[in-house]
Amino acid sequence: MIDNDLNVRGYVDLPYFSNREDLFREISQYTVTIINLFVLIFALAIILTYYVAQRLSKPLILIKNQLSQMKIGEKNLPIQWQRNDEIGLLVAEYNKMLSALDSSLDRLAESERQGAWREMAKQVAHEIKNPLTPMRLSLQHLQHSISRGDDHIEEK
């Protein structure tokens, strides 16, 4: 570009293609470069997604394994988790429910023991009471005979 005083003010660079093939070659190189860039970005996105998915699912798999190993009536181990995040809150609730389950099982076992002792005491009382019932009836009959002044009291 030249001003009115014929001084050069700048240059304008316009691509000049002598033929159509040069133009198509230039466009195809540009297109290939763009496609390669997109493929690279896509590959990086897949790798990053895999890493993030593994990192997110690892604590959930740990919790799933602990829950699948939990058995009623046996000593279950709490999950150890150091971080105070959403998974940490979930683990804390699991550990709290585990301790509540253990105390509930202890109370249930104690209640079953007390019920067994009660049932045994009822059976013992019943076995003691059975032979005493005819004796009591005989004594009541004898008292009734004495109070009536029965003639055969000596025989009875």
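Only heavy atoms go into these numbers, but all of them, side chains included; no hydrogens, no water, no symmetry mates.
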A.B. asks: Drop me the distance from Ser57's OG to Lys64's NZ, to the nearest 0.5 angstrom.
C.D. replies: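 Result: 11.0 Å between the selected atoms.
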
A.B. asks: Please enumerate all residues that pass side-chain contact (heavy atoms from CB on, under 4.5 Å) together with Val52, with sequence neighbours excluded.
C.D. replies: Leu48, Leu56

A.B. asks: For residues Asp3 and Asn7, report the shortest heavy-atom separation together with the two atoms involved.
C.D. replies: OD1-N, 2.8 Å

A.B. asks: Please walk me through it: do Tyr94 and Ile79 pass side chain to side chain contact (heavy atoms under 4.5 Å, CB included)?
C.D. replies: CA-CA 8 Å; Tyr94 167 79; Ile79 299 174; 3.5 Å; yes

A.B. asks: Can you measure from CD1 (Ile47) to CZ (Phe42) and round to the nearest 0.5 angstrom?
C.D. replies: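 Spacing of CD1 (Ile47) from CZ (Phe42) equals 11.0 Å.
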
A.B. asks: Could you measure the distance from the CD atom of Gln80 to the CD atom of Gln66? Nearest 0.5 Å is fine.
C.D. replies: 9.5 Å

A.B. asks: Is it true that atom CD of Gln114 has more than 12 heavy atoms of other residues, nucleotides or ligands lying nearer than 6.0 Å?
C.D. replies: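 Yes, CD of Gln114 has more than 12 neighbouring heavy atoms, counting only those of other groups under 6.0 Å.
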
A.B. asks: Counting neighbours of CD on Gln29 that are heavy atoms of other residues, nucleotides or ligands and sit closer than 6.0 Å, is the number greater than 12?
C.D. replies: yes

A.B. asks: Applying a strict under-4.5 Å side-chain criterion to I, L, V, M, F, W and Y, I'd like to know whether Leu89 and Val91 cluster together.
C.D. replies: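 Leu89 and Val91: separate clusters.
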
A.B. asks: I'd like a table of donor-acceptor pairs (distance under 3.5 Å, sequence neighbours excluded) in which one partner is a side-chain atom from residues 97-108, with atom names and distances.
C.D. replies:
from, atom 1, to, atom 2, distance (Å)
Ser99, OG, Lys96, O, 2.8
Ser103, OG, Ser99, O, 3.4
Ser103, OG, Ala100, O, 2.9

A.B. asks: Could you give the distance from CG (Leu44) to CG (Leu40), rounded to the nearest 0.5 Å?
C.D. replies: 4.5 Å

A.B. asks: Which residues end up grouped with Val39 if you chain together Ile, Leu, Val, Met, Phe, Trp and Tyr wherever their side-chain heavy atoms are less than 4.5 Å apart?
C.D. replies: Ile35

A.B. asks: Determine, stepwise, if the pair Gln54 / Tyr51 fulfils side chain to side chain contact (heavy atoms under 4.5 Å, CB included).
C.D. replies: CA-CA 5 Å; Gln54 289 296 322; Tyr51 175 74; 5.8 Å; no

